[in-house]
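Order of appearance sets the numbers: ligands from 1, and atoms from 1 within every ligand.
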Amino acid sequence: MSKRIVSKFGGSSVADAAQFAKIKEIVNADDRRRIIVVSAPGKRNSKETKLTDLLYSTHDLALKGLDFSAPWVLIRERYLEIVRDLKLKSNVGSDLDHLEHQLRTTPQDITVDYLVSRGEFLCARIMAEYLGATFVDAYPLIQFDAMHRVFPESYRAMATEFSGPGLYVVPGFYGSDSHGKVKTFTRGGSDISGAILAHGCDAGVYENWTDVSGLLMADPRIVSNPKPMESVSYQEIRELAYSGASVLHDEAIAPCREKNIPINIRNTNRPLDQGTLIGPPSSHAGQVITGVAGRKGFAMLHIEKSMMNKERGFGRKIMGILEENGLSFEHSPTGIDTMSIVVEQKSFENVEEIVMDSIVRQMSPDSVKVQKDLALIATVGHGMNHHIGVAATLFGALANAHVNVRIIDQGASEINIIVGVDQADCDKAIQSIYAAFEK
Ligand code: ASP
C-alpha cells in the first residue's frame with residue numbers, strides 16, 4: 001500500500017456547507033487521503049469574525065460574569081447552519097447547550113484553552129459524520145510539553161490509533177499538556193497538529209489545504225504579480241517565514257522535516273492547482289533565488305570601544321545583558337572596535353533603559369547608540385550558492401533604487417543574504433530585489 005496522506009483543511013476551507021462539499025470531493029479523489037485534520041470554521045466574508053475569536057470573546061465575558069450571548073448566538077448559529085445545510089443528524093446542538101450551561105453556572109471551571117478548542121472539536125465531529133469517517137479526538141492523543149515537543153509515547157499512540165485502513169477526522173489546534181489538560185497551540189496551530197499527525201503516521205505527504213494556490217516569491221501586496229513557487233526547501237521556507245512570508249505556521253515544518261515528509265500547500269477552491277511543495281532541497285535548476293521577504297520593527301544597538309577585539313568576553317557580556325532582560329538577538333555584524341546588535345524593537349523598548357544602563361556600567365564603551373525603525377529583508381535561495389554575482393545584482397538593485405543599506409549579513413550556508421534598511425525603504429527594497437532577479 002502506498003503511504004497515506006494527512007490532509008489538513010484550514011478555517012476558510014470549512015467555513016460553510018459548500019466548503020465541506022469541496023472537501024468531500026477532494027478526499028474522494030485520492031484514496032491515500034486517510035487522515036483529515038480540520039480547523040474551526042473561518043470567515044465567510046471579510047466582515048465576519050472567525051469562530052475561534054468568538055470563542056475567545058465568549059470565555060472572556062463569561063469569566064467576568066458578563067452577558068456572552070452576542071458571540072454565543074453567532075457560534076451556535078454557524079454550527080447549526082452547517083449541520084442543517086448538510087442534512088446531518090449531528091447532536092452539536094446539545095453539546096453547545098451543555099457548554100452554555102457550564103459557562104453560565106461554573107465559568108471558572110472551563111479553561112480558555114478548553115473552550116476555544118471546542119471550535120475544532122465540533123467542526124471535526126460534523127466533518128466525520130459528513131465523510132462517514134471515524135472521529136478521533138486530539139485530546140489526549142497529541143501530548144506535548146511547554147515547548148510544543150510531542151512525547152515519543154504520543155507518537156507511538158498515533159501510529160497505533162491510525163494503523164487501520166479507515167478514514168479518520170481529527171480536530172486541529174489542540175492536544176494535551178503534560179498535566180493531562182486540554183492545551184491549544186498558538187494561533188493558526190492546526191497546521192502544527194497536521195504536521196505532528198503526518199510525523200506520527202509516517203505519512204507520504206502532508207497536504208495543507210488553504211485558500212491560495214501555494215506560496216509566492218514575494219508578498220503580492222508589495223510586488224505586483226509575483227511568480228508562484230513550485231518547490232521550496234524546509235530551510236528556505238523557515239528563512240522566508242521568519243522574514244514575514246506566512247501561509248503555514250512556522251512550527252509546522254520541524255515534525256515533517258525530521259522524517260523528510262513533503263508538505264504540499266494546496267487550494268481547496270482550486271483543487272487542480274498543484275500548489276507549492278515544501279521538502280528537502282531539490283536541484284532548483286537555473287533558479288537563483290527562491291523568494292524575498294521583509295519584516296519591519298527592528299532596532300540596532302551600536303557599541304564602540306577601542307581595542308574591543310582584544311577584550312575577551314565582550315560578546316558574552318553583552319549577550320548576557322540581553323538574556324537577563326529577556327531579549328533575543330537577531331543578527332550581530334561586527335567591526336574591529338565595533339559591535340552592532342539587531343533586536344526586535346518592541347521588546348527592546350520595554351527594557352531599553354536598563355539595557356543601556358547595564359551596557360554602560362558593565363562594558364564601559366566609548367559610545368553606545370540605538371538606531372530604530374529598521375526592516376530586515378531576506379533574499380533566500382539554495383541557488384545563490386552556485387551563482388556568481390548574486391550579491392552584486394542585489395546591491396546594484398538597491399543602489400539603483402536609492403536604498404541605503406544599513407546592515408549586511410550572509411551566513412556561511414549561503415542560503416540567504418539579509419540586508420537591513422530604514423523601515424520606510426522596505427517595500428522599495430523588496431520590489432527592486434525581486435525585479436533584479438526576476439527580469
Ligand atoms: N482556529 C485556530 C485559530 O484560528 C487554529 C487554526 O485555525 O489553525 O487560530
(message) Assess the residue pair Tyr114 and Tyr174 against the criterion (ring pair (Phe, Tyr, Trp, His ring centres under 6.0 Å)); give the C-alpha distance rounded to whole Å, side-chain angles, the decisive distance to 0.1 Å, and a yes or no.
(response) CA-CA 9 Å; Tyr114 178 79; Tyr174 69 93; 8.6 Å; no

With the criterion set at N/O pairs under 3.5 Å, what does the list of contacts between the protein and ligand 1 look like, atom names and distances included?
unit_1, atom_1, unit_2, atom_2, d
ligand 1, 1 (N), Thr52, OG1, 2.7
ligand 1, 1 (N), Glu120, OE1, 3.0
ligand 1, 4 (O), Lys50, NZ, 2.9
ligand 1, 4 (O), Thr52, OG1, 3.4
ligand 1, 4 (O), Arg187, NH2, 2.9
ligand 1, 7 (O), Ser39, OG, 3.2
ligand 1, 8 (O), Gly188, O, 3.4
ligand 1, 8 (O), Gly189, N, 3.3
ligand 1, 8 (O), Ser190, N, 2.9
ligand 1, 8 (O), Ser190, OG, 3.1
ligand 1, 9 (O), Arg187, NE, 2.7
ligand 1, 9 (O), Gly188, N, 2.7

(message) So that I know where these two stand, are Phe135 and Phe121 an aromatic pair - ring centroids less than 6.0 Å apart?
(response) yes

(message) Does the Lys NZ or Arg CZ of Arg104 fall within the cation-pi geometry relative to Phe68 - under 6.0 Å from the ring centre and within 45° of the axis?
(response) yes

(request) Spell out, as yes or no, whether a donor-acceptor pair under 3.5 Å connects the side chain of Asn267 to the backbone of Pro271. (result) no

(message) Looking at Thr276 and Ile265, would you say the former's side chain and the latter's main chain have a donor-acceptor pair under 3.5 Å?
(response) no

(request) Identify the two heavy atoms, one from Val14 and one from Ile82, that lie closest to each other, and give their separation to 0.1 Å. (result) O-CD1, 4.1 Å

